[in-house]
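Residue numbers count from 1 along this sequence.
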Amino acid sequence: MRKQVYSLLVDNNPGVLSRISGLFSRRSYSIDSITAGMTSDARFTRITVVASGDEQILSQIEKQVRKLEDVIEIKLLNDNDSVYRELVMVKVRADAMQRPQIIAIADIFRAKIVDVEKESLIIELTGNPSKLEAFLNLLDGYEILELARTGITGLSRGIKDITYVEDIID
C-alpha cells in the first residue's frame, strides 16, 4: 500500500465534488483526504485527493477520475516535484503551569497561538504532513480537547506542466 496525491483541475459546476467522491465510494476506493477550492479563475476548482492502495488500484483511480466529465486535468503529485501543505488546529487543555511548556512547543514549530482561554489554547500550524505529525507527537503528554485537519493540498513545482486557463477556453 502506498499513498498517491492527485491534483485535479475541474469545472466549477454544482455537484462536482460529490461526483468525484461518489466515484471513490462506488468503487470502494479509500480517500485519505480531499480538499477543494476555487482557482484564480472562478470557473475552475482545484481538488486535491490523497488515496491509498496498491499500484493497480491507484492506476484505476487515475483512469476513472480522468473519465469524469468535469475533470479538465489530473496530475499525480510526488514528494520530489511538488509542495504539499496541510493545516491543523489543536485545542489543548492548558492551565497556568502548562501554558508556557505548550507555547514553547508551538514556537519550535512556528505555530500560532490563535486563542487563549483560562483552561485552553488553540494552536494553528501549517506545514507538510510529517511536520504536523511531529508536532502532534510532542503534544502527546497533554490533553487534546479538539483537533481539526484540513487535509493535504498541493501543487507541482516550477512551470513545466502548467495548464493555462486561456488554453482551456479556446
Open item on the list: Just verifying a value: how many Å separate Leu125 CG and Leu136 CG, rounded to the nearest 0.5 Å?
Closed with: 8.0 Å
- [ ] Taking Ser21 for its side chain and Ser18 for its backbone only, find out whether a donor-acceptor pair lies under 3.5 Å.
- [x] yes
Task: ILVMFWY cluster, Val5 and Leu132 together (side-chain gap under 4.5 Å) - done: no
- [ ] Examine distances only and state if a side-chain atom of Thr39 and a backbone atom of Phe44 form a donor-acceptor pair shorter than 3.5 Å.
- [x] yes
TODO: Would you confirm whether Gln4, through its side chain, and Leu77, through its main-chain N or O, come within 3.5 Å as a donor-acceptor pair?
DONE: yes
Open item on the list: Rounded to the nearest 0.5 Å, what separates atom NZ in Lys91 from atom CD1 in Ile144?
Closed with: 12.5 Å
Open item on the list: Under a 4.0 Å threshold between the charged nitrogen and the carboxylate oxygen, would Glu133 count as salt-bridged to Arg149?
Closed with: yes
Task: Gln64 CD to Arg27 CZ distance, which is reported to the nearest 0.5 Å - done: 4.0 Å
- [ ] Answer with yes or no whether the hydrophobic clustering places Tyr29 together with Leu68; edges join I, L, V, M, F, W, Y residues whose side-chain heavy atoms lie under 4.5 Å apart.
- [x] yes
Open item on the list: Looking at Glu86 and Lys131, is any side-chain nitrogen of the basic one under 4.0 Å from a carboxylate oxygen of the acidic one?
Closed with: no
- [ ] Output the distance between atom CD1 (Ile61) and atom OG (Ser30), rounded to the nearest 0.5 Å.
- [x] 8.5 Å
- [ ] Kindly say whether Lys118 contributes a backbone atom to a donor-acceptor pair with the side chain of Arg99 at under 3.5 angstrom?
- [x] yes
- [ ] Provide the closest heavy-atom pair for Tyr6 versus Ala51 in the form atom of the first, atom of the second, distance.
- [x] CE1-CB, 4.1 Å
- [ ] Kindly give the heavy-atom pair with the smallest separation between Thr35 and Ile152, and that separation in Å.
- [x] OG1-O, 3.1 Å
Task: Donor-acceptor contact below 3.5 Å, side chain Thr150 vs main chain Leu87 - done: yes
